[in-house]
Protein chains: 2
Amino acid sequence: MKIAVDAMGGDHAPRVLVEGVQRARDEYSDLEFILFGDEKAIKKYLQDSDRIEIVHTTTQILGTDEPMKAIRQKKDSSMVLAAQAVKDGQADAMISLGNSGALLAAGIFVVGRLKHIARPALMPTMPILNQEHGFVFLDAGANAEVKVSYLQQWAVMGSFYVKDVMNIEHPRVGLLNNGSEYDKGDKLHQEAYQALSELEGINFVGNVEADQILTGPADVVVTDGFTGNAVLKSLEGTASTVIKELKISLLNNGLRAKIGALLAKPALTSIKSLFDVSSYGGAVLLGTKVPIVKSHGSSDARTVYYALAQLRMMYNKKMLEKVMNYFDQEPVNKN
Amino acid sequence: MKIAVDAMGGDHAPRVLVEGVQRARDEYSDLEFILFGDEKAIKKYLQDSDRIEIVHTTTQILGTDEPMKAIRQKKDSSMVLAAQAVKDGQADAMISLGNSGALLAAGIFVVGRLKHIARPALMPTMPILNQEHGFVFLDAGANAEVKVSYLQQWAVMGSFYVKDVMNIEHPRVGLLNNGSEYDKGDKLHQEAYQALSELEGINFVGNVEADQILTGPADVVVTDGFTGNAVLKSLEGTASTVIKELKISLLNNGLRAKIGALLAKPALTSIKSLFDVSSYGGAVLLGTKVPIVKSHGSSDARTVYYALAQLRMMYNKKMLEKVMNYFDQEPVNKN
């Protein structure tokens, strides 16, 4: 398996990408890589070029670039070149820590959509309280508008992903809604409820609410990208606010609290690790012809390594082929 | 001013309602009350009936009742009787801790909508990190579907509320969106951005994102009720998950962490109080002919007292009259 790496995206590029790639290369003998980026900068961190090819470019899509414009105008950027390599069959998967919007655009317009999938979705893995594995959440922001058929496609893709990558036999699929009863939400959500229950072989467990998802009522939670984006950001924002507030009050409540803070440090670390999703790798852009992973711009080499392992698992389990086979046999309405 | 009180809704009814009412009565000489509920149960907690009238009923809308059916069939329930008293001009405001959906239905179909307001919205006050005052958030769940004109109406109502009740001179209004730039979100959100910027006398500060709202970029945050509900639940769910997880790890990490927990207790209490919004009173159903407040079913007497003070402030400042006057002079498009 060969992975195309946008070596220039993210806050600590190319270092974390080169380090993560080398770790994955040493761990998995079936992996090869093409790194797109500044050859000189890459070589600074590259200890051993075995199974690692470099394609030199200094053009880069910035976080501030307008996505569509960027992929149209910066055709020799590390991101677009990586996407093009996938498109041309030179690589089987792609990773980037760069501009999310541009990566989404590159995935859809350069790499192209998977057969049967109308709209690829962005799918992060999120934590479940007191459980080793998390749940996948899609769409987390790729599509502000949604149709019932998209939600069905995402439910199926999410299920195959959880089964193949997280080794959960009958993944429970939930529809994010504003109440648990079947008739909750607007017309779209009521129809989606019905459509999801009719999906052959999919373990639909009904509606799930945003205040419950971290307690694990479902392994796959589907929603439109607008709500998904807002929920994801609310979770992240609240967690970081609570941790910040806790630190402030531990430091401002005198000596007693300071000693408390010191002694409670392992507990604080454990809280933070609940929301440290780096061991899940990255968010998958699911529904393009090959798997594309977007890890956070601030990711370290460890996260890059996990993201590469995640791509390898999807590839080796032939996850996307299973999705296509599913829809070959069970076509869903296009409404 | 006379307030109609649904004395039977909530987990600790009628006790917390009777106690909260008595505290408000003792504090504010301009307040009178009509309590709807089981007279015997109410009298058990009523120490002094000065300015407190009781209308006896034993019928009650339960949390499990289907809202529309409940208000149609339980016309002699404490909630519907309280709403009817407001409708008939016997009271100037209403409070309930009962079934939210039923209260919403009673507000719209029994009390009726305010002039110019197409859809009342549910508006809780939420905390801002390191600030005494919070921000108001609407719609938090009354309307799953939304039009641009609703968002405009909610922005105006929210602004008058914050100005009158929270004493903030030029409340900043933000539109919840999936990015901060003006062209973010779907067509509706792009149009809403434009429409909100054109509102005369309203201090629109642009888009705000869900991971930022607790840091206070706006005093009024407007959104559709579906997203609003999901965001509100995400905030609550994450805060409670983090606090729970912290407790677990403090208790499971051995003696050192236990001592830490003991010493850090004031800090934990301070975190909890960040998310204890009881001092804000309750969520206002904003856009009905008179103000209706919905406090949480688990509210204590203190929260009821604050909610009554909140209704009194809205009434004394003639907040809803100001909203009507605004729209008399600045009609908004009905699309």
Side-chain angles (χ1 to χ4, degrees), chain A residues 101 129-130 141 144-145 176-179 184-187 189 209-215 223 225-227 229-254 256-271 274-275, chain B residues 101 129-130 141 144-145 176-179 184-187 189 209-215 223 225-227 229-254 256-271 274-275:
Chain A
L129 187 64
N130 295 328
E145 280 159 289
L176 188 75
N177 207 337
N178 57 10
K184 283 287 172 179
D186 55 11
K187 198 162 154 277
H189 285 84
E209 294 188 76
D211 54 347
Q212 295 303 319
I213 52 179
L214 294 179
T215 65
T223 183
F226 189 85
T227 310
N229 184 267
V231 165
L232 183 67
K233 284 179 177 163
S234 304
L235 296 174
E236 291 172 349
T238 315
S240 88
T241 299
V242 171
I243 290 168
K244 221 178 287 167
E245 173 73 11
L246 192 67
K247 277 192 187 156
I248 292 170
S249 41
L250 280 172
L251 291 174
N252 292 347
N253 277 329
R256 182 185 138 140
K258 263 181 210 151
I259 299 173
L262 204 66
L263 294 170
K265 212 175 168 193
L268 268 175
T269 307
S270 134
I271 266 287
L274 172 67
F275 286 91
Chain B
L129 186 63
N130 296 326
E145 281 160 289
L176 189 74
N177 207 337
N178 57 10
K184 283 288 172 179
D186 56 10
K187 199 162 153 278
H189 284 84
E209 294 187 78
D211 54 348
Q212 296 302 319
I213 53 179
L214 294 179
T215 65
T223 182
F226 189 84
T227 311
N229 184 268
V231 165
L232 183 67
K233 284 180 177 162
S234 304
L235 295 175
E236 291 172 350
T238 314
S240 89
T241 298
V242 171
I243 290 168
K244 220 178 288 167
E245 174 74 11
L246 191 68
K247 276 192 188 157
I248 292 169
S249 40
L250 281 173
L251 291 174
N252 291 347
N253 276 330
R256 181 185 138 140
K258 262 179 212 152
I259 299 173
L262 204 66
L263 293 171
K265 212 176 169 190
L268 268 175
T269 309
S270 132
I271 267 287
L274 173 67
F275 286 91

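Convention: sequence-line order gives letters A, B, ...; per-chain numbering from 1. Excluded from the calculations below are hydrogen atoms, water molecules and symmetry mates; all remaining heavy atoms, backbone and side chain alike, are included.
How far CD of A:Gln212 is from OG of B:Ser234: 11.0 Å, rounded to the nearest 0.5 Å. Rounding to the nearest 0.5 Å gives a distance of 4.5 Å between CD of A:Glu145 and CG of B:Asp186.
Partners of B:Asn229 by side chain to side chain contact (heavy atoms under 4.5 Å, CB included), not counting sequence neighbours, listed by chain and number: A:Asn178, B:Lys233.
Summarising the geometry of A:Thr227 relative to B:Thr227, their closest heavy-atom pair is OG1-OG1, 4.1 Å, with the distance given to 0.1 Å.
In terms of non-hydrogen atom pairs under 4.5 Å with chain B, the most contact-rich of A:Ala210, A:Gly179, A:Ala144 is A:Ala210. Between chain A and the residues B:Asn177, B:Ile213, B:Leu176, B:Thr223, the largest count of heavy-atom pairs under 4.5 Å involves B:Asn177.
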